[in-house]
Amino acid sequence: MDKSQGVSRVLISEEQIEAEIASMAAELDAEYQDETPLVICVLRGAVPFMADLVKAMSVPVEMDFMAISSYGNSTKSSGVVRILKDLDEEIENRRLIVVEDIVDSGLTLQYLLGHLGRRGPKDIRVVAMVKKEKPDAIAVQVDRIGFVVPDEFVVGYGLDYRGQYRNLPYIGVLDPSVYADVDDPVDETEY
């Protein structure tokens, strides 16, 4: 099967992603020029973005990973956020860059920021590759957004549907026929 099968259209090309990451990296380099921030990747979807972002940055960075779930095995949010993998590094008095693949409802990110904030970091900056246009999303801190996309089911560049499509080099809209049998095919599953 062709890995792009089921994608109805490309929203953000590989070239657009590369250009946006270069711009983000330059901004982060300017902000952290005399420091070594801890880059926190939210697993699994943010891995491609985080990898490309830190490669494009020229300042030294440290990296750590968190896995968070608010959906379990279903496609609807349970309303309960769980940390499946916590940080290995201490973050007290550290400057943090949280790297997210997508901000959808904002609930999971809000929980994550509260969890990290209670541990006494110097500051937290959030960068997200994609933010959905959702009128019912909660207001949550996102300092830098790569792209704003319509409220459609998007896949690619780390974003998945049932574990597939993460390895597409672009971000596209999943054809509704792929998930026609599912009540609510949420794509904000963090892990």
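This one's a predicted model, so the numbers in the text were calculated from it and none came from an experiment.
- With rounding to the nearest 0.5 angstrom, the CE atom of Met63 is 11.5 Å from the CD1 atom of Ile97.
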In sequence, state the C-alpha distance, the side-chain angles, and the governing distance for Ile102 and Lys132, and then conclude on side chain to side chain contact (heavy atoms under 4.5 Å, CB included).
CA-CA 7 Å; Ile102 187 168; Lys132 278 194 177 180; 3.9 Å; yes

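- Of the N and O atoms on the side chains of Ser13 and Gln16, at least one donor lies less than 3.5 Å from an acceptor on the other residue.
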When you look at Phe49 and Ile21, which way does the side chain to side chain contact (heavy atoms under 4.5 Å, CB included) test go after all the steps?
CA-CA 8 Å; Phe49 174 35; Ile21 287 174; 4.0 Å; yes

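- Looking only at side-chain heavy atoms (C-beta outward), Arg125 and Glu27 come within less than 4.5 Å of each other.
- Inter-residue side-chain proximity for Val81 and Leu107 is flagged as unmet; no heavy-atom pair is nearer than 4.5 Å.
- The two residues Met66 and Ile40 make their nearest non-hydrogen contact at CG-CG2, 4.1 Å.
- Between Glu92 and Arg119, the closest side-chain pair of non-hydrogen atoms is not below 4.5 Å.
- In plain terms, the two heavy atoms of Ser69 and Leu84 that are nearest each other are CB-CD1, 3.6 Å.
- Side-chain contact between Leu113 and Val126 is present, with heavy atoms from C-beta onward closer than 4.5 Å.
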Report the C-alpha distance between Leu87 and Leu116 in whole Å, list the side-chain angles of each, state the deciding distance to 0.1 Å, and finish with yes or no for side chain to side chain contact (heavy atoms under 4.5 Å, CB included).
CA-CA 10 Å; Leu87 298 172; Leu116 295 174; 3.7 Å; yes

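- Counting only heavy atoms from C-beta outward, the side chains of Val127 and Val98 never approach each other to under 4.5 Å.
- Leu28 CG to Gln33 CD: the interatomic distance, rounded to the nearest 0.5 Å, is 12.0 Å.
- With sequence neighbours left out, the side chain to side chain donor-acceptor pair (under 3.5 Å) criterion links Ser8 to no other residue.
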Set out, in order, the CA-CA distance, both residues' side-chain angles and the distance that settles side chain to side chain contact (heavy atoms under 4.5 Å, CB included) for Val99 and Met129, then state yes or no.
CA-CA 8 Å; Val99 178; Met129 178 52 59; over 6 Å; no

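- With sequence neighbours left out, the salt bridge (Lys or Arg N to Asp or Glu O under 4.0 Å) criterion links Arg9 to Glu152.
- Glu89 contributes atom CD, which lies 11.0 Å from atom CZ of Phe65 (distance to the nearest 0.5 angstrom).
- Residues Phe153 and Val173 form no side-chain contact, since every pair of their non-hydrogen atoms from C-beta on lies 4.5 Å or further apart.
- The pair Arg144-Glu100 does not meet the salt-bridge criterion, since no charged nitrogen lies less than 4.0 angstrom from a carboxylate oxygen.
- Taking Asn93 as the reference, nothing meets the side-chain contact (heavy atoms from CB on, under 4.5 Å) condition, with sequence neighbours excluded.
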Enumerate, atom names and distances included, each donor-acceptor pair closer than 3.5 Å involving a side-chain atom of residues 134-142, sequence neighbours excluded.
from   : atom 1 : to     : atom 2 : distance (Å)
Lys134 : NZ     : Asp104 : OD1    : 2.7
Gln141 : NE2    : Ile124 : O      : 2.8
Gln141 : NE2    : Asp143 : OD2    : 2.8

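- Shortest non-hydrogen contact noted between Leu168 and Val155 is CD1-CG2, 4.4 Å.
- Between atom CD of residue Gln164 and atom CG of residue Leu174 there is a gap of 9.5 Å, rounded to the nearest 0.5 Å.
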Identify each donor-acceptor pair in which a side-chain atom of residues 55-62 lies under 3.5 Å from a protein atom, sequence neighbours left out, and give them as a table.
from  : atom 1 : to    : atom 2 : distance (Å)
Ser58 : OG     : Asp29 : OD2    : 3.0
Glu62 : OE1    : Arg94 : NH1    : 3.4
Glu62 : OE1    : Arg94 : NH2    : 3.4

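- Residue Glu20 comes nearest to Phe147 through the heavy atom pair CB-CZ, 3.6 Å, listed as atom of the first residue, atom of the second, then distance.
- Listed by chain and number, the residues in a salt bridge (Lys or Arg N to Asp or Glu O under 4.0 Å) with Asp123 are Arg95 (sequence neighbours excluded).
- Side chain of Asp64 to main chain of Asp88: a donor-acceptor pair is present (N/O by atom type, distance under 3.5 Å, no hydrogens or angles).
- The aromatic ring centres of Tyr170 and Tyr157 sit 6.0 Å or more apart.
- Enclosure of atom CD in Glu35 by more than 12 non-hydrogen atoms of other residues, nucleotides or ligands within 6.0 angstrom is indicated.
- In this structure, the side chains of Val149 and Lys131 stay at 4.5 Å or more apart for every pair of heavy atoms.
- Looking only at side-chain heavy atoms (C-beta outward), Ile91 and Leu38 come within less than 4.5 Å of each other.
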